[in-house]
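Working notes, structure below.
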Amino acid sequence: MSVFISGASSGIGEACARVFAAAHHDLVLVARREDRLQKLARELHDQFGIRATPIALDVRDRAKLEVLAQTHAEVFQTVDVLINNAGLAKGRDVIQKGRPEDWDVVIDTNLKGLLYVTRAFLPLMIQKRRGHIVNIGSVAGQWVYQNGNVYCASKFGVRALTESLRYDLHGSGIRVTEISPGMVKTEFSQVRFGGDQEKADAIYAGRTPLTPLDIAESVLWCVQRPARVNIQELVIFPTEQPGVHPTAPVVR
Ligand code: NDP
Ligand code: 8X3
């Protein structure tokens, strides 16, 4: 069995690669930054003796994905677990000041990219009558917050697709799980704020966010349940984040 992880070059995806490698699963690692994937694949192979295949792919590129499904058919065939993790936010403005070119990137990556990748694996999993799709959603897909707009909409969409997949795949033996994290310390905020480190740091100031490992271990736990058990959804917040809305600690 091997595990396909989109967005494996950083953050939650990279942590998933590490925990699944430690559990002795082969990996297919996908992202745009190939150098990072190659380094990670080498490291995990050396450390755990697993086969890790790095593949440079922009999940928005449907044509390339179709080619890869042919050129890497042998590797794709071995995939039993698909972790749809690649995703991002861009900007945090009110809609009236938002940049439509950012909206395109967010929607094309978080929604259409997830659909394209999932579509590439479904016929194989259906044929094998086995598989597990884990979609990394967000608490932003459960509740909106101020200035979250398009990112929230994309993650609400991930939630809708996850639920739809369960109905569409009913009877196939394929499990579908959504993990919805709150604040996790990754490159997410740097990307969201276009590399502005000060703005990114401010998001986590004064509280302890989740680590990528916290999420990766939860993904592994879901996958390791017996085949009859489907963890449909996990919502995971940091202890110091009671909800998606801005808060100050209550002093008693
Ligand atoms: P990071 O920015 O650290 O990682 C994002 C990953 O997605 C990178 O590996 C990046 O790789 C990849 N990626 C982005 N765009 C594409 C693309 N077009 N094609 C292929 N890969 C892509 O952030 P996180 O680890 O935090 O984010 C992972 C997921 O978790 C996202 O879906 C995010 O929405 C979600 N999430 C994050 C939370 C947080 O607080 N951090 C909370 C809730 C959910 P590369 O740039 O090399 O392509
Ligand atoms: C990322 C978490 O709260 O920044 O999905 O939207 S949040």
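Order of appearance sets the numbers: ligands from 1, and atoms from 1 within every ligand.
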Counting heavy atoms only, which of [options] comes nearest to [atom]?
atom	options	value
atom 47 (O) of ligand 1	Glu14, Lys112, Arg33, Arg192	Arg33
atom 1 (P) of ligand 1	Ala86, Ser10, Gly113	Ser10
atom 37 (C) of ligand 1	Ile12, Thr109, Val158, Asp108	Ile12
atom 35 (C) of ligand 1	Val184, Ile136, Ile236	Ile136
atom 38 (C) of ligand 1	Ser138, Gly182, Ser180	Gly182
atom 27 (O) of ligand 1	Pro238, Gly87, Ser189	Gly87

Any nitrogen or oxygen of [X], main chain or side chain, under 3.5 Å from a nitrogen or oxygen of ligand 1?
X	answer
Asp58	yes
Gly7	yes
Val139	no
Gly13	no

message: Show the atoms of ligand 2 that are less than 4.0 angstrom away from any heavy atom in Ser138.
response: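 Heavy-atom distances to Ser138 below 4.0 Å select 1 (C), 2 (C), 5 (O).
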- prompt: Which ligand 2 atoms does Ala140 reach within 4.0 Å, using its non-hydrogen atoms?
  reply: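 Near Ala140, the atoms of ligand 2 are 6 (O).
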Result of checking Arg36, Glu34, Gln38, Lys39 against Ser9 for side chain to side chain contact (heavy atoms under 4.5 Å, CB included):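 Passing option: Arg36.
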Should [X] and [Y] count as an ion pair when the cut-off is N to O under 4.0 Å?
X	Y	value
Arg18	Glu43	yes
Arg60	Asp108	no
Arg33	Glu14	no
Asp93	Arg99	no

Between [X] and ligand 1, which part of the residue brings a heavy atom under 4.0 Å of the ligand: side chain, backbone, both or neither?
X	value
Val59	both
Leu57	backbone
Gln190	neither
Arg32	both

For the student: nearest non-hydrogen atoms of Leu210 and Gly182, plus distance: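 Closest pair (atom of Leu210, atom of Gly182, distance): CD1-N, 4.2 Å.
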message: Heavy-atom contact check, 4.0 Å cutoff: does Gly137 meet ligand 1?
response: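 The answer is yes: ligand 1 sits under 4.0 Å from a heavy atom of Gly137.
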field: Proximity of Arg192 to ligand 2 by residue part, where a heavy atom lies under 4.0 Å
entry: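 Side chain only; the backbone of Arg192 stays clear of ligand 2.
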- request: Could you list which atoms of ligand 1 come closer than 4.0 Å to a heavy atom of Gly11?
  value: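 The list of qualifying atoms is 3 (O), 25 (O).
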message: Show the atoms of ligand 1 that are less than 4.0 angstrom away from any heavy atom in Met183.
response: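 Ligand 1 atoms under the 4.0 Å threshold to Met183: 40 (O).
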